[in-house]
Amino acid sequence: CVFMTGSSISPEMRAVEINGQRIEYYEVGQGPPIVLNHGANCGADDWFNVVGPLSLHYRLIIPDRLVHEVDPWRLWLLLEHLNIDRVALLGHSGGAFTSREMYRQNPLRVWAFVCIDSAAAGGKVSAISLPNSLWPPHVATMFARNKAKLLAISPNRVSDYPSDENVAILAKTFQRKAQTPKERMVGRSQPMACKVAGPFSPGPEPIDDKGCFFQCPMLVFNSGRGKLDASDPPESTNTWWGTPIQAEKYKFVLVRDSGHWVWLDQPKEFLEQTIRFLTH
């Protein structure tokens with residue numbers, strides 16, 4: 001794991017056992033707390049290229065659910081164990097739905113929400129469905145270089161953003177998808193779990209979070225897959241699907257030159273937008 005130097009970071013995984021369930025996570029940085037929830041078949045390590053700069057401003061709690069799945073309520077119990085009251089929630093893809101359920105369970109304890117390439121906040125741009133003829137020359141050049149790799153991952157991915165970064169993370173994600181939890185543990189740190197003593201707050205009744213309307217400020221990132229940019233209003237194109245964004249106050253950012261993992265292809269833009277939003 002490579003982190004930004006000079007930012008007082010410990011890259012070691014931690015683990016706790018709460019009510020019989022193991023939770024693996026990283027905790028780095030100081031400042032207002034943020035929970036970073038990764039998507040399906042992903043891991044906490046997906047965030048590591050931006051953890052250093054973010055940890056200069058914020059206390060980051062990064063659950064890793066690649067091997068041990070954790071439900072949203074137990075993430076709140078983890079935060080109670082860490083003496084954290086109010087948080088910002090940052091979620092990518094399926095992890096944004098985890099963040100959404102956390103918000104529904106404790107809305108007054110969430111001071112901001114960042115949704116990355118997910119329909120968890122409402123509608124989403126589906127630029128991957130657009131023809132590759134919309135790519136500018138520099139993206140077409142990347143495609144020529146990585147076409148064989150995309151086809152090897154899945155024929156359905158030949159319309160995805162063909163950067164080296166996106167192709168690499170896609171390959172890793174598809175590999176993880178085919179693995180069992182035991183196979184995912186190979187070569188992985190397995191820290192001793194600290195057992196957290198109860199009593200534990202009872203979880204809420206199952207929540208129907210469909211149509212969830214967010215009262216906290218929200219930042220929404222969508223990927224343009226090299227085919228759409230901010231001059232193409234998503235709600236007015238056939239690339240927009242789902243409902244309008246379900247938030248009282250939000251900022252929408254369409255990142256043209258990126259795949260699903262926006263912060264890997266465009267870390268500078270991601271960090272500038274995120275830190276500016278959270279600061280204000």
Are the side chain of [X] and the backbone of [Y] linked by a donor-acceptor contact shorter than 3.5 Å?
X    : Y    : answer
T274 : L271 : no
N222 : V125 : yes
N132 : V158 : yes
Q21  : E69  : yes
W135 : S159 : no
R14  : Y25  : no
W76  : M102 : yes

What verdict does the side-chain contact (heavy atoms from CB on, under 4.5 Å) test give for V253 and E269, after you've listed the backbone C-alpha separation in whole Å, the side-chain angles of each residue and the deciding distance to 0.1 Å? CA-CA 10 Å; V253 178; E269 181 173 1; 3.9 Å; yes
Nearest non-hydrogen partners of [X] and [Y], listed with the distance:
X    : Y    : answer
R104 : P107 : O-CD, 3.6 Å
N37  : S99  : ND2-OG, 2.9 Å
T173 : A40  : CG2-O, 4.2 Å
A112 : F277 : CB-CE2, 4.0 Å
M13  : S189 : SD-O, 3.9 Å
F97  : A119 : CZ-C, 3.8 Å

Reference residue F214; test ring pair (Phe, Tyr, Trp, His ring centres under 6.0 Å); the match among Y250, W111, F113: F113
Dump the intermediate steps for side-chain contact (heavy atoms from CB on, under 4.5 Å) on V196 and L77, then the final yes or no. CA-CA 10 Å; V196 180; L77 295 180; over 6 Å; no
Are [X] and [Y] in one and the same hydrophobic cluster, where Ile, Leu, Val, Met, Phe, Trp and Tyr link if side-chain heavy atoms are under 4.5 Å apart?
X    : Y    : value
L66  : I23  : no
I128 : I116 : no
V67  : Y26  : no
L170 : M142 : yes
V110 : I84  : yes

Do N41 and R184 meet the criterion of a side-chain donor-acceptor pair at a distance under 3.5 Å? yes
Test item: side-chain donor near acceptor, D117 and S223, under 3.5 Å: no
Could you tell me whether the side chain of [Y] reaches within less than 4.5 Å of the side chain of [X], counting heavy atoms only?
X    : Y    : value
E165 : N49  : no
D46  : K172 : yes
V35  : P63  : yes
W73  : S201 : yes
V139 : P162 : yes

I would like to know whether F270 and D265 meet side-chain contact (heavy atoms from CB on, under 4.5 Å); could you show each step before the answer? CA-CA 9 Å; F270 173 80; D265 282 308; over 6 Å; no
Could you label the plane-to-plane angle of the H92 and H260 rings as parallel, tilted or perpendicular, counting under 30° as parallel and over 60° as perpendicular? tilted
Is it the case that over 12 heavy atoms from other parts of the model lie below 6.0 angstrom from the NE2 atom of H138? yes
Just grab all the side chain to side chain donor-acceptor pair (under 3.5 Å) pairs involving residues 149-158, residues at least two apart or on different chains. R157-D160
By the salt bridge (Lys or Arg N to Asp or Glu O under 4.0 Å) test, which pairs, at least two apart or in different chains, include something from residues 240-258? D229-R256
Could you go step by step and tell me if D45 and R188 meet the salt bridge (charged side-chain N to carboxylate O under 4.0 Å, His left out) rule? CA-CA 11 Å; D45 59 329; R188 177 186 174 91; over 6 Å; no
In this structure, is the centre-to-centre distance between the rings of W47 and H38 below 6.0 Å? no
List the steps, then state whether side-chain contact (heavy atoms from CB on, under 4.5 Å) holds for V255 with Q273. CA-CA 11 Å; V255 183; Q273 293 280 3; over 6 Å; no
